[in-house]
Structure formats: structure tokens, C-alpha cells
Amino acid sequence: MTHPSTTGPAPVLALKDISKSFGAVRALRDVSLELFPGEVHALAGENGAGKSTLIKTLAGVYRPDAGKVLLDGEPVVFHGPGDARDAGIAVIYQEPTLFPDLSIAENIFMGRQPRRALGRIDHKATHSATLALMQRLGVELDPDRPARGLSIADQQIVEIAKALSFDARVLIMDEPTAALTGSEVARLFGVVRTLREQGAAVLFISHRLEEIFQICRRVTTLRDGAWIASEPLDGMTEDDLVRRMVGRDLDELYPKQDVTPGEVALSVRRLTREGVFTDVSFEVRRGEIVGLAGLVGAGRTEVARAVFGIDRWDAGEVSVGGKALTNGAPSTAMASGLALVPEDRRAQGLVMDMSIERNIGLTGLRTTVKAGLMDRGAERSRSLDWAVKLQVKYARIADAVSTLSGGNQQKVVLAKWLATGPKVLIVDEPTRGIDVGTKAEVHRLLSELAADGVAVLMISSDLPEILGMADRVLVMHEGRLTAEIPRSEATEETVMAAATGRAAA
Amino acid sequence: MTVTTPQEAPVTDVPKSSGTRLVDRVFKMRELAILVVFVVMIVVTQLGNSEFLTEQGIKDLLLNATILVLVATGQSLVVITRNVDLSVGSTLGISAFAAGTFLQGGGNPVVAVLLAILMGIGFGLLNGLLVSLGQVPALVVTLGTLYIIRGIDSIWVGSRQITAADLPDGFVDFGSGGISVVPWLALIAIAVLVATAYYLKHFGSGRELYALGSNPEAARLAGIPVRKRILAAYTFCGALAGLAGALYLARFGNVDSGTGNGYELTVVSAVVIGGVVFTGGSGSVYGAALGALLLTSINSVLPALGVSSVWVLAINGILLLLAIAVDRIVALRVASALKKRNARHG
Ligand SMILES: Nc1ncnc2c1ncn2[C@@H]1O[C@H](COP(=O)(O)OP(=O)(O)OP(=O)(O)O)[C@@H](O)[C@H]1O
Ligand SMILES: [Mg+2]
């Protein structure tokens with residue numbers, strides 16, 4: 001194994017020849033990694049490559065089957081996450097790990113609350129420390145609000161605040177930016193740079209390659225649980241990195257096909273939900289991909305939920321194929337050919353203990369039921385079909401979804417909804433947490449669906465994705481639609497201007 | 001959440017923001033609601049029967065509630081951790097008998113009470129160990145210990161019985177005495193209640209009970225010693241059941257092998273009516289105590305109004321369902337209120 005020329009300090013934290021298996025799945029094979037003080041180190045790899053497993057090994061959640069964890073050059077054994085934390089390691093896990101019943105402040109300081117006399121918790125200090133953290137991250141979240149009901153992005157912010165709340169020597173972040181938009185990512189990176197200058201070591205995972213190049217100095221690549229390379233990013237291109245991850249050259253990332261839009265498939269008229277969004281009107285035609293952009297909290301997800309009938313609307317109307325939908329009735333929406341791939345996939349899209357096959361099959365119950373009985377054979381072949389199309393990486397299709405890596409769980413949700421054969425498809429963050437290779441595949445699928453006459457509404461915080469895929473871009477700002485930009489005029493500047501309210505519609 | 005955009009004046013200090021008030025409102029609302037129901041019930045009864053709120057009447061109300069309040073306080077801690085202890089009735093029965101036997105033999109009353117508590121701690125530890133180590137649901141484990149402890153009790157006690165005549169006078173007097181209308185026993189229960197509530201709010205390990213009930217997996221990742229905390233909650237619950245056994249002896253002076261039979265269901269009802277959510281992570285011991293007060297008062301109210309006591313069980317059941325329905329509605333309201341606040345920019 002070659003190490004870059006690291007003159008200077010010894011690694012704070014290192015892994016040496018680590019292996020970890022789950023039953024027959026070898027998640028990590030002889031992986032080594034060194035983290036130096038004052039560096040931001042990227043961990044790259046496709047979905048299921050073993051990144052999260054590696055992080056959980058560093059964090060004391062998993063014990064490696066073989067190999068050593070070294071802290072300041074000395075071998076250590078972490079018996080649990082508490083041990084790693086006491087050693088100064090802060091971890092942001094891929095899936096938010098919040099306590100829904102407790103306040104944001106309590107979530108951040110659980111187990112480490114500031115104390116006053118007699119070991120009692122200093123509630124005031126906890127509150128003000130939380131406010132200070134929120135200000136540092138440039139967000140306004142009420143410290144006393146319960147964590148229940150926070151959007152995914154806000155949950156992610158709380159996780160970040162939690163990790164920053166103690167002076168960690170090592171900060172490990174598993175896809176912290178997956179749910180964030182540009183400005184929040186910029187804030188986060190600002191904080192990370194400060195930490196780096198103070199001498200902390202940072203391990204960073206993201207499927208957005210441009211972020212890796214922005215903030216990291218070195219990168220370690222994993223492929224199928226095996227270590228591929230650890231090298232400086234200087235002089236590397238995105239294509240080089242992709243080649244390391246995937247082992248081959250990649251297809252075009254935005255394979256948008258040109259189509260002539262057909263008749264109106266989804267029409268939304270003056271839709272309003274008190275205090276959430278106001279007077280939202282738009283149309284999506286058959287064959288079109290319409291992008292819905294905006295900052296986190298602009299109300300995009302809320303509009304999608306109302307259109308699909310999960311939340312009720314207070315005024316306005318929605319029609320699919322000319323037929324008006326009933327307010328607050330997802331079943332009629334589904335019956336008229338509407339499908340929604342939700343943002344919060346773990347909570348709203350998956351039955352974690354059920355098999356991959358059954359999860360994909362769930363929405364297709366109607367088509368695979370024969371004479372009142374489930375047609376298991378049909379369900380299996382349909383599920384297998386979609387699992388292959390989306391390159392889901394699994395050991396057996398009968399395994400529980402909970403054993404899949406984060407990105408592969410996302411793919412299962414996508415498969416589940418695509419399998420319904422919708423006329424109008426609303427996708428909320430279709431490629432969040434999905435690796436570059438599959439991203440291209442998802443884009444190709446969406447493009448094909450559109451070409452087949454499906455109307456697609458795509459909500460995305462990934463601006464290049466919006467620009468690359470959408471025929472038209474709708475932009476929301478503070479609950480209102482502020483701009484409609486045709487593909488030819490959509491640029492990063494025009495979209496961001498509308499999203500931050502700097503431009504009149 | 002909002003990105004601080006320049007045109008908005010950043011709100012830097014929000015000492016009592018709407019979120020706080022919202023949360024406060026929910027918790028206090030529940031306790032307030034029970035209190036209102038309780039007061040209305042008492043007032044109506046008093047209007048229908050002016051004999052109801054005599055000095056002795058008030059004293060009886062408090063005395064009746066005392067034992068249930070104690071056991072419900074302990075049970076709340078366990079339920080907050082997303083578990084349950086069904087063996088409290090059996091524990092109460094056996095420790096009451098143990099304390100009685102000890103006193104019968106001329107033992108010191110203080111030692112007798114300690115003995116009952118120790119016994120409760122023993123069974124609490126047993127439950128805690130089984131639940132935290134074995135991967136068996138608490139419902140099943142404590143259903144098992146409910147029968148085991150009751151079985152031991154039956155074999156040991158047989159057809160024997162302890163009556164007030166077997167007990168030292170001082171002990172029996174203590175069981176019915178007090179300062180004006182407030183019985184000693186009620187004072188003990190209030191002290192335990194206040195101390196427990198304070199502990200839950202102001203100590204790290206108390207908050208951790210809520211955390212691990214709210215999301216066990218996250219609690220593990222946060223480095224909370226999950227097993228230790230569950231063990232502690234059960235031990236505390238057992239200790240209070242033991243103490244309640246000793247106080248039961250002082251109050252009624254009458255204990256046999258059937259004492260405390262079926263009591264666990266009353267306790268669980270009180271806790272749930274008091275707003276301690278069965279799926280863990282939320283609720284307060286004050287709520288549970290008010291739930292206990294409400295349940296035991298119904299027992300005195302109905303006879304005072306001349307209603308047959310056969311109605312008691314049915315009314316308890318209705319209260320329980322009502323409480324659960326209210327919980328559900330409040331939860332939905334809060335969820336939609338929070339969602340609106342999410343999307344609002346400010
Ligand atoms: N608890 C588990 N039980 C069984 N298999 C598991 C478990 N956790 C992970 N795996 C398997 O280990 C492999 C590596 O998973 P890991 O979560 O580390 O991937 P990852 O690189 O983080 O992917 P992603 O980018 O999708 O998050 C996958 O094949 C996954 O299915
Ligand atoms: Mg992962």
C-alpha cells in the first residue's frame with residue numbers, strides 16, 4: 001500500500017487490514033486507512049462498497065472480524081459508541097439517529113449535558129449552547145422544539161450540530177450533505193474548514209463528487225469491500241475518481257432525450273395550504289420532465305404531498321388527465337395513475353423487516369393478485385426485473401431491506417414506485433444517496449419514461465441534476481412559485497436567483 | 001428551518017419561542033385535563049351528597065390514592081423506557097406479607113418497611129436482568145414473574161392471614177394518622193413523587209430513560225448504557241412496589257396470599273390515563289399520579305352518589321379509551337402544527 005508523502009504528524013486514527021463480514025457478505029476486506037490531523041479525507045465508493053461499515057467500525061458500533069484500529073498509533077478496542085466518543089471521535093451516521101420525543105437541544109447534548117451543582121443538568125446552558133451551534137451553522141431551529149416532524153434536511157442539521165457540539169479530534173461524516181442544498185452545504189464546509197485549521201481530522205463521504213473536490217485533500221476508494229487506493233486529490237479529475245470507484249468508464253450522467261410534450265397530464269391550480277405554500281399553479285404535460293427547485297424548506301415536498309393527497313389542501317384544485325382529484329385521498333390519486341416517490345424513504349417508503357422482493361411488490365398488489373391470492377411467482381419476477389434495472393446490490397432478493405446499504409435502500413423505494421407503471425410520476429430527490437453510476441441509470445430511466453409519455457415532476461436539491469434533466473424548471477421560494485424557466489434559459493444563476501428571492505418572477 | 005436570508009432581520013434571541021410553548025402546552029394540557037375531570041367529578045359528587053367532603057372523606061380519598069400513586073410512579077419509569085412491569089401486584093402482595101410476618105414476630109416497624117423495599121428491589125432486579133439481557137419482550141417476561149412471585153407467595157403464605165391485631169399499634173396508627181386531613185402515607189407518596197419528577201427532569205440518567213424509550217437504537221449510538229438504565233428503572237419500580245406493600249399493610253392491616261391480585265392492571269391504567277405513552281419516551285410521573293388519583297376517586301364517588309360499584313370497572317375502561325383517543329388527537333394536532341412551523345419562514 002502506498003502512502004502519500006505525509007511529512008508531519010502521525011495519524012490520529014488509523015485502520016489496519018480491517019475485515020468485516022455479515023454472514024456471507026464480506027463488507028470489508030483488508031481495508032486500511034489513515035487520518036491525519038488537519039486533513040479532510042474523502043471516502044469514495046459505490047453504493048454497498050462498504051463505506052458505512054468502515055465508519056461504524058471506526059465508531060465502535062461494529063467490532064472488526066480481523067485487523068486493528070489505531071488511536072495515536074496505539075491499538076485500541078472500542079467496546080461501544082461511547083468509547084469512541086470518549087476518545088474524541090464524533091460521528092454523523094448516514095441515517096439520522098434522533099430521539100423524536102426530545103427537544104433539539106436535548107438531542108444534541110444527550111449524555112453530555114452541561115452540569116451545575118450536584119450533577120444536575122444546566123438547562124439554560126444547554127439551550128444557549130444549542131442556539132450558538134445553530135448560529136454557527138446559519139440556521140434557525142428552535143432548540144426547544146421536539147425532533148419529531150423535522151424535515152430530513154433539518155434532521156441532518158441537528159446531527160451535524162451534535163457532532164460539532166464537542167471538540168472532537170476526529171469528525172466522521174457519512175453523507176452529511178445528501179439532504180442539503182447549496183447554501184447549507186457551503187455553511188457546513190465553512191465550519192469544516194475551521195475545524196481543519198484547528199487540527200481536527202475529518203473523514204467525509206458524499207456521492208456528489210464536486211463536493212469531494214471542493215473540501216478534501218486526499219481520497220480513499222473502496223470497491224466491493226476492497227481497498228483500491230489512497231491518494232491526493234490534487235491533479236485528479238472526476239473521471240479518474242469515477243474510474244477508481246466503478247472500475248470502468250461511465251456513461252453520460254444526464255442522458256436527456258428530446259421529446260415534444262403532449263397534452264396536459266397533471267394540472268395544479270392555485271393550490272394553497274395555510275401557512276405552508278400559497279397559490280401554486282403549474283402543469284406537467286405528457287413526455288415532459290419538469291424540475292422543481294428551491295432551497296430546503298421552500299415548500300416543494302409539501303406541494304408534492306398535497307398533490308398526492310397525503311396532506312389536505314385548503315384551496316385550489318388538482319387534476320390528472322383532466323379529472324379532478326379528491327382532497328386528501330392518496331388512493332384516488334394512485335387509481336388515476338399518480339405515483340409519488342417520497343423524500344423520507346426510510347419512514348414512508350419501506351417496511352424495513354420485509355424482504356426486498358416484497359417491498360418492491362407492495363404497490364403492485366393489485367396486478368399480482370389472482371383470485372384473491374398473491375401470485376408469488378409474478379411478484380418475484382417483477383421485483384427481480386426492477387432490482388436488476390436499478391442495479392440493487394444484495395445477497396438474496398429474499399433478504400430483509402434493513403441489511404442493504406443506504407443507497408441500495410433508496411433504489412428499492414424507486415423500484416417500488418416505478419413498478420406501478422404510473423401516468424404521472426412525482427419524484428422527490430430521486431438520486432439522494434445514490435452513487436454516480438446508478439445516478440446515470442436513474443436519469444436514463446426517467447428519460448425513457450418521459451419518452452414513453454409519462455409526465456414527470458422531479459424535485460431535486462441537486463442543481464446540476466435539475467439543469468441536466470428538466471425540460472422546464474419551476475422554482476419555489478418561501479412557499480410560492482417564483483419562476484418558471486425553460487430549459488434553454490435555465491442556468492445555475494437564474495435558478496439560484498429565483499430560489500433565494502433575488503429575482504422577480 | 002430557515003436559511004438566514006439577508007432581507008430578514010435575524011432573530012437572535014428567542015428565549016421563549018413558540019416551540020417551547022407548544023411543548024409545554026401539550027404536557028401541561030394533559031395534566032390539566034385530568035385535574036379538571038377530577039375537580040368536576042368531586043364537585044358534582046359534593047353537590048349530590050354533602051356528606052362526601054367531610055374531613056374523613058378527604059382523608060380517605062388521599063389514603064386510597066397513596067398506594068396506587070407510589071406504584072404508578074415506579075411503573076411510569078419503566079413505561080418511559082418502552083417496557084412494562086406486570087409483576088408489581090405480586091411484588092406488593094409478597095412484600096406486604098413479609099413485612100407483616102416480621103412485625104408479628106415483634107420486629108421494628110422501620111426495619112419492616114426496609115425489608116419490604118429490599119424485597120421489591122430483589123424482584124425488580126430480577127425483572128430488569130431478564131428484560132435487559134434476554135431478548136424477550138418485557139410483557140412476556142414480567143407476565144412470567146407475575147405468576148412466579150404469586151406462586152411463591154401462595155406456597156409460603158398458604159391459608160395464613162395477617163390482621164391488624166397482629167401488628168404493633170404504632171404501625172397501624174401511622175397507617176391512618178396524619179397532619180389534619182393529610183395522611184402520613186400521602187406525604188410519603190408525595191415526597192417520592194416530587195423527588196422522582198425532579199430526578200427525571202434534572203439528571204442526565206433521568207433524561208436518558210426518555211431517550212432510550214424514544215429511540216433505542218439511537219440511544220445505543222449515543223453511548224447510553226441502555227441495559228444499565230433499564231435495570232435501574234425496573235429496580236426502582238420494584239422498590240416502590242415493595243414500599244407500597246409495607247404501606248398497604250399499615251393502611252389495611254389485612255394481608256393474605258391474594259393481596260395485590262390483579263393490581264398491575266389498575267396501575268397500568270393509571271399510567272396510561274396519566275399520559276405516559278406506552279411506546280415510550282414521553283409522559284410525566286405527575287400525570288401518572290393524577291391518573292391514579294382519578295381512578296381511585298371513582299371508587300369513592302360512585303357509592304357516594306348511590307351508584308352501584310359494579311359500574312367502576314366499566315368507567316375505568318371508558319376513561320382508558322378516552323385517554324388513548326385524546327392522545328391520538330393531540331399527537332395529530334401537534335404534528336400538523338409542527339409541520340406548518342417547519343415550512344414557515346421567519
Ligand atoms: N447489518 C447488516 N447485515 C447484513 N449485511 C449488511 C449489513 N450492513 C451492511 N451490509 C452489507 O454490507 C455491504 C456494505 O454496506 P455499507 O452500508 O457499508 O455500504 P456503503 O458503502 O455505505 O453504501 P451506500 O453508499 O449505499 O451508503 C452491503 O452489501 C450491505 O448489503
Ligand atoms: Mg452508507
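Letters A, B, ... are given to chains in the order of the sequence lines, protein chains preceding strands, and every chain is numbered from 1.
Chain A forms more heavy-atom pairs under 4.5 Å with one residue of B:Ala219, B:Gly206, B:Ala211 than with any other, namely B:Ala211. Comparing A:Gln113, A:Arg120, A:Lys162 by how many heavy-atom pairs each has under 4.5 Å with chain B, the most go to A:Arg120. Per-residue counts of heavy-atom pairs under 4.5 Å with chain B were compared for A:Gly80, A:Pro100, A:Gly111; the largest is that of A:Pro100. Annotation: maximal heavy-atom pairing with chain A below 4.5 Å, among B:Lys201, B:Arg207, B:Glu217, occurs at B:Arg207.
For a residue to count as touching a neighbouring chain, one of its non-hydrogen atoms must lie under 4.5 Å from one of that chain's; by this rule B:Tyr198 touches chain A with the side chain only. Proximity to chain B (any heavy atom under 4.5 Å) is restricted, for A:Leu98, to the backbone atoms N, CA, C and O. For chain A, the nearby parts of B:Glu208 are the backbone and the side chain; heavy atoms of each come within less than 4.5 Å. Residue contact with chain A, scored on non-hydrogen atoms closer than 4.5 Å, involves the backbone and the side chain of B:Leu221 alike. Proximity to chain B is limited to the side chain of A:Arg116, based on heavy atoms less than 4.5 angstrom apart. Neither the backbone nor the side chain of A:Phe109 has a heavy atom closer than 4.5 Å to any heavy atom of chain B.
Within the 3.5 Å criterion, the main-chain N or O of A:His123 finds no donor-acceptor partner in the side chain of B:His202. Judged by distance alone, the side chain of A:Arg85 and the main-chain N or O of B:Ala222 form a donor-acceptor pair under 3.5 Å.
Taking CG from A:Asn107 and OG from B:Ser214, the interatomic distance works out to 7.5 Å, rounded to the nearest 0.5 Å. The OG atom of B:Ser282 sits 7.5 Å away from atom CZ of A:Arg148, with the distance rounded to the nearest 0.5 Å.
By the ring-ring contact (aromatic ring centres under 6.0 Å, His included) test, B:Tyr210 is found to be paired with no residue, residues two or more places apart in sequence or in another chain being considered.
Annotation: A:Arg480, atom CZ; neighbour count of heavy atoms from other residues, nucleotides and ligands within 6.0 Å does not exceed 12.
Counting all heavy atoms, side chain and backbone alike, A:Phe99 lies closest to B:Ile224 at CZ-CD1, 4.3 Å.
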